[in-house]
Number of protein chains: 2
Amino acid sequence: MPGPIQSLSRAAAIMRLLAGGERRLGLSEVATALDLAKGTAHGILRTLQQEGFVEQDPESGKYQLGAELLRLGQSYLDVHELRARALVWADDLARAAGETVYLGVLHQRGVLIVHHVFRPDDTRQVLEVGSMQPLHSTALGKVLLAYDPVARGELGEEPLESYTSRTLTGLADVDTEAALTRERGWADAVEETWEGVASIGALIQDRRRNPVGAVCISGPVERVCEDGFVRPSLVASVRSAARAISRDLGAGRF
Amino acid sequence: MPGPIQSLSRAAAIMRLLAGGERRLGLSEVATALDLAKGTAHGILRTLQQEGFVEQDPESGKYQLGAELLRLGQSYLDVHELRARALVWADDLARAAGETVYLGVLHQRGVLIVHHVFRPDDTRQVLEVGSMQPLHSTALGKVLLAYDPVARGELGEEPLESYTSRTLTGLADVDTEAALTRERGWADAVEETWEGVASIGALIQDRRRNPVGAVCISGPVERVCEDGFVRPSLVASVRSAARAISRDLGAGRF
DNA sequence: CACTGCGGTCGACAATGTCGACCGCCTGTC
DNA sequence: GACAGGCGGTCGACATTGTCGACCGCAGTG
C-alpha cells in the first residue's frame with residue numbers, strides 16, 4: 001500500500017488533538033504538540049476552518065472543532081445499516097427490561113456508541129451517542145473482545161486502565177472472560193467501569209456471521225443483579241434482541 | 001489570504017459528497033463526480049479510511065462515511081459553550097411549554113440543530129441533533145436571518161425552495177419578515193416547512209450582544225396556535241428562555 | 001518601553017501529491 | 001466460455017504544491 005497523504009494525516013491529527021483537549025487550542029500549541037512548523041499548522045487550520053471542520057474564536061484566536069463535523073457525524077448515523085435495523089428492537093428491549101439500552105460498534109481501541117435508548121420514564125439523561133466506552137470493562141466491549149479478532153488485537157501491549165476495584169486489568173483475565181463469553185453467548189460487567197452500574201451484552205452479527213456490533217442493557221446493580229448475579233430474565237431479553245437484530249441484518253437467511 | 005491546501009479541500013468535498021448521497025459510492029463515481037483522476041481520489045480515500053473518516057464496504061468495495069466523524073461530532077458538542085449553558089433552560093422551556101425545543105446555530109446556508117429536547121411524555125421521537133433546517137421557513141432560521149448579517153448574505157441569489165403552500169419564497173417577503181422579527185423580538189413559522197407544524201423562536205446573543213444562535217419551540221398547529229395566531233403565552237416562554245440563556249452566556253454583565 | 005508571546009504572512013525549495021496509463025479481477029453477455 | 005466492459009487498485013514520471021523558518025505587527029506584561 002502506497003503512503004498516505006501527508007497533509008491529510010496531519011489534518012486528522014489536528015482534529016483529534018482539538019477533540020481531545022477540553023479547551024480551545026492556540027496555533028502555537030497545535031504546532032508544537034504535533035511537531036509542525038507554525039506556518040504549516042496554520043495552512044492546515046485555515047483550510048479546515050474554511051471547510052467548517054474547525055472554528056476560530058474571534059476573540060482569542062484559538063481553535064476548536066467546527067459544526068460541519070456534527071453534520072457529517074449525523075450523516076454517518078443516517079447511513080449506518082446496523083443502527084437503522086436495530087432502532088425498533090432496541091426500543092422494545094428498553095421497554096421490556098425497563099433499563100437503558102446501548103448499541104455499540106468497535107472503533108479504534110474502544111466501543112463507539114451508535115444508539116442509545118433512555119431508560120423508560122425516568123430522570124434527566126444525557127445522550128451518549130458518539131461517545132466511547134472501554135473494551136475490557138463493559139458488557140459491549142467484552143462481547144466484541146470475545147468475538148472480534150480485531151478487537152483483541154487492539155488491546156495489544158499496554159496495561160489496562162482500572163476504573164473501579166472490580167475492573168479486570170490483567171490480559172489473562174480478559175482472555176478468560178472472553179472464553180467464558182464465547183461459551184455462554186453473552187457478557188456482563190458489574191461495577192467494572194462505574195460504581196453501582198451493571199450491564200449485560202450480546203453479539204450482533206451480519207449475514208455472513210461476522211461480528212458487527214453489540215447490544216447491551218445497563219442499569220443500577222440493585223435492579224440488574226440478584227443475589228450477586230445478573231438476572232437470567234434480563235440476559236434472555238438481551239440475547240433475544242441481539243438475535244432479532246442479527247436476523248434482521250440477514251444472518252438468518254442461507 | 002494565501003490559498004487553501006488542495007488535498008484537504010478535495011478530501012472535504014469527498015466527505016460531503018459521501019454525506020449527501022444516500023447510498024455508498026464507488027471509487028470511480030467519486031472521481032468523476034468531483035472531476036479527479038482515479039488515482040488521486042483513491043489516494044485521498046485511502047488516507048481518509050486509515051484515519052477512520054471513511055469506511056469501505058469489504059464486499060462491494062464502495063465507500064461511506066466513517067465512525068470517527070461521529071466521535072468528533074460528539075466532541076464538538078461537548079465543547080460547544082452555547083449548548084452547555086442552554087441545556088437546563090431548554091429543559092425547563094420544554095416542560096413549561098409542553099412542546100419540543102430546538103437550539104440551533106447558523107451553519108452554511110441553514111440552521112444546524114445542536115440541541116433537541118423531546119416533547120414531554122409523548123410518542124417515539126427521533127433525535128435531530130446534527131440535522132439542518134432551512135433559513136427562510138423556520139422560526140430558528142427567521143431569527144438568524146433577522147439578526148445575523150452573515151445569514152442574510154447566505155441566502156444570496158438563488159430562488160428559495162418552497163415546502164408547503166405557506167412557504168415565503170420571495171426575497172422581499174423574507175426581508176419584510178426579518179424587519180417584523182427585529183421589531184417585535186421573536187419569529188414564528190406556521191406550516192411553512194412542514195404541514196401541521198408551527199414554531200416560535202427567539203434570539204440568543206453573547207456577552208458582546210453578537211447573535212450566536214436561537215431557541216424555538218415546535219409543535220402541532222392546534223396546540224401552538226389559537227385563532228390563527230401563535231399563543232402569546234408560548235411566545236413569552238420562548239423569549240424568557242432566550243434571555244435566560246443569553247444572560248447565562250454573559251450578555252447581562254457590563 | 002523593551003520584551004516576550006501570540007497569530008499570521010511570505011517566498012524559496014524540494015518533497016509531495018497528482019496524473020493517466022496500466023493491472024488483475026469480477027460480472028454479465030452473446 | 002471467450003470476450004468486453006466495468007470495477008478498485010497500482011505505479012512511476014513530473015511539476016505542482018505543501019512545507020519550512022525567518023519575518024511582521026500586535027497585545028499584554030514586567
Side-chain angles (χ1 to χ4, degrees), chain A residues 1-19 21-66 79 81 207-208 210, chain B residues 1-19 21-66 79 81 207-208 210:
Chain A
M1 163 170 35
I5 292 180
Q6 192 188 46
S7 53
L8 264 183
S9 300
R10 286 172 166 180
I14 288 181
M15 287 196 279
R16 266 193 287 271
L17 181 69
L18 289 175
E22 288 303 299
R23 63 187 211 296
R24 296 184 256 259
L25 295 177
L27 170 61
S28 307
E29 292 178 278
V30 171
T32 57
L34 297 176
D35 204 30
L36 295 175
K38 234 179 4 174
T40 305
H42 178 63
I44 295 173
L45 280 168
R46 175 164 22 85
T47 309
L48 286 175
Q49 182 185 4
Q50 219 162 281
E51 302 290 346
F53 292 102
V54 150
E55 289 168 4
Q56 186 176 24
D57 182 26
E59 200 162 350
S60 63
K62 292 184 188 296
Y63 295 92
Q64 64 175 61
L65 291 182
V79 187
E81 193 184 348
R207 64 183 68 87
R208 288 194 316 288
N210 288 118
Chain B
M1 161 170 35
I5 292 180
Q6 191 189 47
S7 53
L8 264 183
S9 300
R10 286 173 167 181
I14 287 180
M15 286 195 281
R16 266 194 287 271
L17 181 69
L18 289 176
E22 288 303 300
R23 63 187 211 297
R24 296 184 255 258
L25 295 177
L27 169 61
S28 306
E29 292 178 278
V30 171
T32 57
L34 298 176
D35 204 30
L36 295 174
K38 235 178 3 171
T40 306
H42 178 63
I44 296 173
L45 280 168
R46 176 164 19 84
T47 310
L48 286 175
Q49 182 185 5
Q50 219 162 281
E51 302 290 346
F53 292 101
V54 151
E55 289 170 4
Q56 188 177 24
D57 181 25
E59 200 161 350
S60 62
K62 292 184 187 296
Y63 295 92
Q64 64 175 54
L65 292 181
V79 186
E81 193 183 349
R207 63 183 69 87
R208 289 192 316 288
N210 288 118

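Lettering follows sequence order; numbering is per chain, from 1. The basis for the numbers below is simple: all heavy atoms, side chains too, and nothing from hydrogens, waters or symmetry mates.
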Just compare C:dT9, D:dT19, D:dG9 and give me whichever is closest to any side-chain atom of A:H42.
C:dT9
According to a strict under-4.0 Å criterion, is B:Y63 in side-chain N/O contact with OP1 or OP2 of D:dG9?
yes
Between B:A37 and A:G39, which residue's closest nucleotide on DNA chain C lies nearer the 5′ terminus?
A:G39
Selected nucleotide, minimal atom distance to B:Q6 side chain, candidates C:dG7, D:dT19, D:dT17:
D:dT17
Of the options C:dG7, D:dT19, C:dT18, whose atoms approach the side-chain atoms of A:I44 most closely?
D:dT19
Counting only side-chain nitrogens and oxygens, does B:Q49 get under 4.0 Å of the OP1 or OP2 atom of D:dG8?
no
Options D:dG18, C:dC22, C:dG7, nucleotide nearest the side-chain atoms of B:K38:
C:dC22
Taking the side chain of A:S28 as heavy atoms from C-beta outward, which of C:dG7, D:dG8, D:dT19 is closest to it?
C:dG7
For A:S7 and A:G26, find the nucleotide of DNA chain C closest to each by heavy atoms; which residue's nucleotide sits nearer the 5' end?
A:G26
Between C:dT16, D:dG9, D:dC20, which one does the side chain of A:T40 approach most closely?
D:dC20
Which nucleotide, C:dC19, D:dG9, C:dG8, lies nearest any side-chain atom of B:L36?
C:dC19
How many whole angstroms separate atom CD1 of A:I14 from atom C1' of D:dT19?
13 Å
